[in-house]
Amino acid sequence: MVGSVLLKRMIEDGDFKNINPNFFSTSQILHTGPQLGKKKFILHDAFDIDALTAMDIIVSCHSSNYTNIVYKKLIKNKWKGYWLDASSTLRMNNDAVIVLDPINSNLIYKYLDMGIKTFIGGNCIVSIMLMTLGGLFKAKIIDWINSITYQAASGAGSQYMRELINQMYNISNIFYNDFNSVDSKILDIDKKLNRVMYSGILQTKKINLPIAVSLLPWIDQQINNGQSREEWKSNIETNKILGYLQNTITIDGICVRIGTMRCHSQALIIKLRKNIPINDIETIINEHNDWVNIVPNNKKASIEYLTPASVSGNIKILIGRMRNLIIGDEYLTAFSVGDQLIWGAAEPIKRMLNIIINYI
Ligand code: HSE
């Protein structure tokens, strides 16, 4: 899925004019791959280490498992090329840079100059948060952040998205007669729905539990301090992307999986180092990059624009509901929505690939 979005974005922006690409697959070897202009590409074996060793740059949109197996073999095979992927396997390695160039281009070029060749896209909710609040990070006025996330099914993969739709489809089939009967009572429907949810009728092969008309307040593995691994990543990856080894910014909260398709949202409480008027905050955020857009903090604009359905497929990241909390003027609250597959996955990789091509 990330590969498809990446390919689409690269074609849209004409990125292939500077590349002589080869396409690899783990499952569809020798099948017809993408078509670029009139040229059709055949898919090579993504486990053929010798074929991969001949590449100057490898961009992997595959899983952590794939990186685990293939990256080590390439290094053992004395491969000297650039590795670029979006999985978490190598992110925290000392010789790997987490890339999000509108935020950390200085760090990226510093490491390129040092000869580092491993560049990894960050966790999606982290990249979207940094793109949203980039101006505040740059101005160094953030003390700490509490982030409560509402993460879409796409973050867990395409099978998860399919299963979400499948659960919704089954629910609507089961309740077809109830919905169409004038005598049906909503509390009876609700009671029946509760029975259906945990009856085993709904498909839960991938998600393990029903998520349609519900949510799951845990993403990724459990770590031993009560955080989920997704929550741990928010703090650790943000500071690595910003290059903060000391004077780190603390980010913590709760990551929640919800039944939306491909946009991650987050409710933020930001403790500022000083009181700054909201108008100035808006200017700082707005001027930082071309993709963040501010939604005015009123009901009409918020419910019309600041939603996963409205942002889906869009390269813009929206931030709204911005105001000072009544607990104190240095406490800012906000709500942001970004497409998980674009800024959360494909876009940082696409941009880093162009940076490497222009660098070498
Ligand atoms: N871990 C993220 C999620 C995927 O589960 O939504 C993006 O890195």
Side-chain angles (χ1 to χ4, degrees), residues 1-6 9 59-68 84-93 96-100 103-104 119-132 147-165 204 206-209 211-212 214-223 227-241 251-268 308 311-313 315 317 336-352:
M1 203 162 47
V2 175
S4 303
V5 174
L6 177 62
R9 286 285 303 119
V59 179
S60 165
C61 295
H62 226 291
S63 61
S64 294
N65 277 349
Y66 177 78
T67 298
N68 236 335
L84 195 44
D85 84 10
S87 84
S88 62
T89 310
L90 305 171
R91 270 186 208 145
M92 296 314 295
N93 287 9
V97 183
I98 307 181
V99 293
L100 189 63
I103 302 293
N104 68 349
F119 295 93
I120 314 294
N123 172 272
C124 44
I125 200 76
V126 172
S127 297
I128 292 171
M129 187 268 295
L130 280 164
M131 288 298 293
T132 313
S147 154
I148 309 297
T149 73
Y150 307 77
Q151 295 182 223
S154 60
S158 60
Q159 295 304 321
Y160 208 109
M161 292 167 86
R162 282 178 187 278
E163 197 160 279
L164 167 64
I165 298 286
T204 54
K206 187 73 191 164
I207 309 180
N208 294 328
L209 288 161
I211 189 170
S214 189
L215 57 77
L216 301 173
W218 199 285
I219 296 177
D220 210 332
Q221 293 154 8
Q222 183 164 343
I223 57 173
Q227 279 182 312
S228 69
R229 192 153 181 268
E230 190 77 352
E231 290 149 10
W232 172 83
K233 282 179 188 171
S234 289
N235 191 49
I236 212 86
E237 287 193 20
T238 299
N239 283 291
K240 178 161 179 175
I241 291 170
I251 298 160
D252 201 1
I254 294 181
C255 292
V256 181
R257 181 79 67 207
I258 60 162
T260 53
M261 287 299 270
R262 56 179 279 183
C263 279
H264 282 5
S265 310
Q266 48 198 316
L268 300 155
V311 175
S312 183
I315 198 165
I317 295 174
S336 82
V337 189
D339 189 302
Q340 185 268 331
L341 293 172
I342 300 181
W343 274 111
E347 205 62 21
I349 299 290
K350 172 190 183 300
R351 295 173 62 84
M352 187 62 212

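Start at 1 and go down the list; that is how both ligands and their atoms are numbered. A quick note: this is a predicted structure, and the numbers were derived from the prediction, not measured.
- Ranking the protein heavy atoms by distance from atom 1 (N) of ligand 1 puts E230 OE1, 2.9 Å first.
- Between H264 and T149, every side-chain heavy-atom pair lies at or beyond the 4.5 Å cut-off.
- Nearest heavy-atom pair, E163 versus K206, reported as atom, atom and distance to 0.1 Å: OE1-N, 2.9 Å.
- Interface atoms of ligand 1 facing I219, defined by a heavy-atom separation under 4.0 Å, are 5 (O).
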Chi angles and distances behind the side-chain contact (heavy atoms from CB on, under 4.5 Å) call for V256, Y150: CA-CA 5 Å; V256 181; Y150 307 77; 5.5 Å; no

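- Within ligand 1, counting atoms from 1 as listed, the ones closer than 4.0 Å to a heavy atom of N123 are 1 (N), 2 (C), 8 (O).
- Checked against a 3.5 angstrom limit, the closest N/O atoms of R257 and ligand 1 fall inside it.
- Contacts between I125 and ligand 1 below 4.0 angstrom, taking non-hydrogen atoms only, are absent altogether.
- Close contacts of ligand 1 with Q340, meaning ligand atoms under 4.0 Å from a residue heavy atom, involve 4 (C), 7 (C).
- Applying the 6.0 Å contact sphere to CD1 of I315 captures more than 12 heavy atoms from other residues, nucleotides or ligands.
- Counting all heavy atoms, side chain and backbone alike, A96 lies closest to K240 at O-NZ, 2.8 Å.
- Of the N or O atoms in Q151, one or more lie within a sub-3.5 Å distance of an N or O in ligand 1.
- Per-residue contacts place C124 under 4.0 angstrom from the following atoms of ligand 1 (heavy atoms of the residue considered): 2 (C), 3 (C), 4 (C), 6 (O), 7 (C), 8 (O).
- Checked by distance only, ligand 1 and R91 stay at 3.5 Å or farther apart across all their nitrogen or oxygen atoms.
- Summarising the geometry of I251 relative to T238, their closest heavy-atom pair is CD1-CG2, 3.3 Å, with the distance given to 0.1 Å.
- In this structure, I125 CD1 and L130 CG are separated by 11.0 Å, a value rounded to the nearest 0.5 Å.
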